[in-house]
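Written below as structure tokens is the structure these notes are about.
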Amino acid sequence: MKPFTYILPRSLPEAATAAARKGAQLKAAGIDLIDRMKERIETPSEVVNLLSLKGELSYIKSERDSGLRIGALTTLNDLELDAALGAAQFGALREAAGRTATPLVRNRATIVGNLLQVTRCWYLRSAAFGCLHGKKGPACLAMTGENRYHSVMGYFDCVRVHPSNLAPALLALDAEFTSQLGDRQSRRKLSELFPKEARAMLAEHTLLPGEIVTAIHVPAQPANARSAYRESREKLSFDWATTACAARIVVEGGKIRTATLVLGAVAPVPMPMPEAAKLLIGEAPSDELFQKVANAAYQSAVPLSQNVYKVQVGKAVVRETLHAITR
Amino acid sequence: MSNVEQPRPGEVELKVGFPGHYETRKFQVPEGDAPPWDANTKFTVVGSDEPRVDGVMKASGRAKYSYDVTFKGILYGMILRSPVARGKLTGLELDEARSMPGVAAVLALKELGNKVRFVGDEIAAVAAPTLDQCRDAIEKIRATYESEAHNVDFLSAEDGPLVDDSGEYTEPWAEDSGMEKALAESKVQLTGTYRTEVQTHSSLETHGAVAKWNGADLELWASTQATFGVRGEIAQAMQAAKVKCDSVTLHAEFVGGGFGSKFSGGAETRAVALLAHATQTPVKLMLDRFEEHTCTGNRPASLMHIRAGLSADGILTAWDWRSFGGCGHNGGGGGVAMPNHFLNTAKKRTTHKDIATDTDPARPMRAPGHPQGFFGAELFLDELAAKAGIDPLELRRKNDQQPIRQAQYTLGSETFGWQAGRNPKPGSPMPGDDARYLRGVGMATARWGTLGSHGGRTPHAALCRIHQDGGVETRNGAQDIGVGNKTMMAILTAEELGIPVANVKAVMGHTSDPSGPASGGSTTTPSIAPAVRLAAYQAKLELGKLAAKHLDISEDKITWAGGKIGADGKWLTFAEACKLIGPNPIEARGQRFPNYKGEPIENGVCGVQFAEVLVDTWTGLVKVTRMLALQDCGVVIAKKTAESQVLGAMIQGISYALYEQRLMDKRSGRMLNGDFLRYKVIGSIDMPPMQAILQTVFNGHSNTSAAGLGEPPSVAAPAAIANAVFNAIGVAVRHLPITPDKVLRALNQRGGN
Ligand SMILES: Cc1cc2nc3c(=O)[nH]c(=O)nc-3n(C[C@H](O)[C@H](O)[C@H](O)COP(=O)(O)OP(=O)(O)OC[C@H]3O[C@@H](n4cnc5c(N)ncnc54)[C@H](O)[C@@H]3O)c2cc1C
């Protein structure tokens, strides 16, 4: 690591002021950030440690409308174990948190840090390579290089993958986030946290410099909603998913009334699939239907030289997710 | 042990073999050796469930590895490595780095004009008070290179094997009319190409050392599997400083694994000695994980092309084998081993060629050449058996003449439930299973071959000291790289002296103690154990003499029974006898004699492993659901640590079969997954229930009959898993690791998914 000034803010406004300074970087648990700093692909002059606000920013509260308000520093372990997330409607979030990494990581990793972690692309995350997304090279190196874990859809000039487990789950639940920029607070749809067109030159997220996410909101879910999250892996721990899927469904009178479907780990941003989800509406759950939806979800896939398998695996994960909810 | 048997040099008859297969054979026991143990010997602690003697120290963090050694004011060392895969070093400017804050020394490790051989080749080294200052200084070294075109993929090498899109090797076979005839006369023939990828070394403790000069003497704490070899290597490297072996002391009291990669001190140990010399300050230089993956050797890739023929009664009659090793820049170390024990009467031909690539050279890795070769050969055998309609276990039984393995086939198939576990219709779900999952079981064999040695020109030895206060030491200067040698030494000494294991202190890893072997070829225990036992035996004779004098009975009447020493109703406890010792302890040396002349039961060890897998046909993920190993290691001395070796090898075998592979960026020649986040090593949740059954075999080659165990159990595991996958899905995945993409390709090829 390069030397840096370590700032322990005593209040959110203090953190916001510190974060707005040039060269400052926000740190939650630091699992992702410190890794990048050690590799020296990130060399902030100031690190603002949000964990000193843990008392204020770590909580899971049930709202009056039966939605959830989750503090930015809530750990994945808390998400997995909190009773408020035990309801079937929040299954996707609970499962996504519980399948991430290892217990050691989940004990520390925060919900917002997970959403904002930088892609695992091995070219981008190595100081030895210079690529377009890292702003050190003219082109995406994975596009024509080693790309077995990279994007199969939704990419333009950079085939990185958005690695967060929580992102597809929260998007499937129509989550929102509150952020603080200077002394201004705003609440937006979680989908707005990610760029619309995932170009190489754009960051993983749309936050402005110094903007702090303070809370995630999971709104009240439709009556009888159930959600689930599933993923494919090469091994069962200490690894990232090769494809992921989160979905929320309401079944009434044997027919699916509403449905959301979001793919993870297949594109530079988490991918909501409204068209595919629409195929579910008005239908009775069946394996045949789920396979049709899975095919539709991956219809636009254009795999790279080494990740054709992800399309087949990804479809299986969609199918499995839908079975898991309607079982 | 009861009576002190007197040494009986010369021809001795020993009861050798294993349960159900005992016989009496004659061996020549050298003069001065302890009376050899055999199947008639009644043991007290040998073979029992004694815990690892340093287990608590390790689990509690009190065991100090080289990585943990530190001194006030210690400096850190770091190496600048080549970013170029092939070329020449054309410029090296060190001055700016020297002027960086804190930097105490900067040294060139490569001369201008010299070749650069791979990404990671050593260029220069720095020492500074912190690792970050080292890194800052490294970034200020200006190295320039003239780079040449490189290649990091052996299949793309000019002299590499040509394969088609399906992965089949395409060169025609060299003419051999005898082979063609044998094949033509066989009933069933098969041809296939099998491949494995590079597995990098992943010892928990990385390579490196701490160096400290005390005047003209050098003290080293090194993570090594060859204390004496590395001491010599470093003395040689420091010749300019007038250093000889006598002024270098090396410590390796605890070593976090080696697996074959730590025989040489390497550039890092030479560099740390030089940096400490230049700065006259202790320096620590331990490699980071990326360096560990890219610069400390590996199990090279391989390609095997096999064709063979089976007679109508299931005997292998022709075996034609060509293999290639996908090696590093020195083009060596890629040899593959195959199960010759099945080829007793077959017409046989084998050729092998190592292919060089511009990468880190191969180093030995737990049973070099064996996991890859046995994977190819044993999966081929299962495919051949399937084609012939024979049970694969039956095929092995028919072609194997080794009685130890024959016993293992029987015990293994009963214990594991071979018949019930086999998928009768590969590719279809087993009764009761969800149609999404395919289950299958497979098995494979192992052989590994040596019984240790006395050390060649100069024999190994061990020291036993018995002190006045009852304290007992057993010492050897070789290293315990984590396998449990200290436990073995303590048990042997306790057995010989008739005292509890807890009363013995076993010390290893200091070059000031008697010499022992490098930990290679699974020879450490068989090489040291007889010397350890002899040292204890000699010390016991000395103590017996003191007791005899004290009790006023003749020496040859002295008996050891139930922890007491004496005869004729006159007895001393061990503690009382020790009080007869003066301030100088009894100090006895035991030397390792050459293996006895005579016919040992087996000149190595045998093993068989069984695996069951569950294949997810939707995602291609393979999960190993249970495993069984049957393994002989001569006489089992420390049962727990021995079982731990076998279980560890099975775990490593699953990891190699399903997850591990080095992934290279072809353009830059740089490894892409050189960390534990992307280089996939098995985690605890991926591990199945495993059982290890150890078979004690008295070979009759030394006073303890111990044979090796470190490597043999890693030979069969990957093959057994690959065979289980074949039994589950009905298609052989002929390329390790068996990752989901390959499983899906195989399933798609089978169709109907
Ligand atoms: C072995 C291993 C396996 C893993 N496997 C998975 C997996 O399977 N799935 C998965 O999803 N993840 C996985 N991860 C990643 C892990 O979940 C993330 O690294 C972790 O969640 C990041 O959280 P953090 O609190 O440490 O974030 P930090 O590292 O502290 O922060 C990450 C980024 O978010 C920014 N940030 C953090 N909080 C805020 C905030 N409140 N406002 C604005 N910006 C903020 C920081 O500036 C930084 O850029 C794995 C990690 C490891 C080490």
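Because the structure is predicted, anything quoted here is derived from the model rather than measured. Lettering follows sequence order; numbering is per chain, from 1.
- Looking at Pro83(B), neither its backbone nor its side chain comes within 4.5 Å of chain A, counting heavy atoms on both sides.
- With a 4.5 Å cut-off on non-hydrogen atoms, Arg436(B) touches chain A through its side chain but not through its backbone.
- Annotation: the span from Arg120(A) atom CZ to Arg678(B) atom CZ amounts to 5.0 Å, rounded to 0.5 Å.
- The part of Arg148(A) that comes within reach of chain B is its side chain, from C-beta onward, which places non-hydrogen atoms under 4.5 angstrom from that chain.
- In this structure, chain A has a heavy atom under 4.5 Å from the side chain of Lys623(B), while its backbone stays farther away.
- For a residue to count as touching a neighbouring chain, one of its non-hydrogen atoms must lie under 4.5 Å from one of that chain's; by this rule Lys38(A) touches chain B with the backbone only.
- At least one side-chain heavy atom of Leu236(A) sits less than 4.5 Å from a side-chain heavy atom of Leu621(B).
- A side-chain donor-acceptor contact under 3.5 Å links Thr144(A) and Arg667(B).
- Between chain A and the options Gln133(B), Lys742(B), Lys666(B), Glu139(B), heavy-atom pairs under 4.5 Å are most frequent for Glu139(B).
- Other residues, nucleotides and ligands contribute more than 12 heavy atoms inside 6.0 Å of the CZ atom of Arg319(A).
- Within the 4.5 angstrom heavy-atom criterion, only backbone atoms of Val681(B) (N, CA, C, O) approach chain A.
- In this structure, chain B has a heavy atom under 4.5 Å from the backbone of Glu39(A), while its side chain stays farther away.
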Query - Step-by-step side chain to side chain contact (heavy atoms under 4.5 Å, CB included) determination, Leu141(A) to Asp665(B) - result: CA-CA 10 Å; Leu141(A) 295 171; Asp665(B) 178 53; over 6 Å; no

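- Put simply, CG on Asp239(A) and CZ on Phe676(B) are 13.5 Å apart, with the number rounded to the nearest 0.5 Å.
- Closest non-hydrogen pair, Ala316(A) versus Trp618(B), comes out as CB-O, 3.4 Å.
- Between the CE atom in Met671(B) and the OG atom in Ser126(A) there is a gap of 12.0 Å [rounded to 0.5 Å].
- With rounding to the nearest 0.5 angstrom, the CG atom of Asp35(A) is 8.0 Å from the CG atom of Asp675(B).
- For Leu677(B), the parts lying near chain A are the backbone and the side chain together; criterion is any non-hydrogen pair under 4.5 Å.
- Between Tyr309(A) and Thr739(B) the shortest side-chain heavy-atom distance does not fall below 4.5 Å.
- Within the 4.5 angstrom heavy-atom criterion, atoms from both the backbone and the side chain of Arg135(B) approach chain A.
- We find that Lys2(A) and Asp136(B) are joined by a salt bridge, their nearest charged nitrogen and carboxylate oxygen being less than 4.0 Å apart.
- The side-chain heavy atoms of Arg670(B) and Phe129(A), taken from C-beta on, include a pair separated by under 4.5 Å.
- At most 12 non-hydrogen atoms from other residues, nucleotides or ligands lie less than 6.0 angstrom from CG of Leu204(B).
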Requested in this report: Under the side chain to side chain contact (heavy atoms under 4.5 Å, CB included) rule, what do Gln306(A) and Leu663(B) come out as? Steps first, then yes or no, please.
Outcome: CA-CA 12 Å; Gln306(A) 298 169 348; Leu663(B) 297 171; over 6 Å; no

Query - side chain to side chain contact (heavy atoms under 4.5 Å, CB included) between Tyr123(A) and Leu672(B), intermediate numbers included - result: CA-CA 8 Å; Tyr123(A) 293 103; Leu672(B) 287 170; 3.7 Å; yes

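- In this structure, the separation between CE on Met1(A) and OG1 on Thr130(B) is 11.0 Å, given to the nearest 0.5 Å.
- Asp132(B) has its side chain within reach of Arg40(A): a pair of non-hydrogen atoms, C-beta onward, lies under 4.5 Å apart.
- Side-chain atoms of Ser237(A) and Asp686(B), non-hydrogen and from C-beta on, do get closer than 4.5 Å to each other.
- Counting heavy-atom pairs closer than 4.5 Å to chain B, the top residue among Glu146(A), Lys235(A), Arg233(A), Glu320(A) is Lys235(A).
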**Report entry** side chain to side chain donor-acceptor pair (under 3.5 Å) between Gln312(A) and Asn748(B), intermediate numbers included
**Finding:** CA-CA 10 Å; Gln312(A) 188 174 352; Asn748(B) 295 344; 2.9 Å; yes

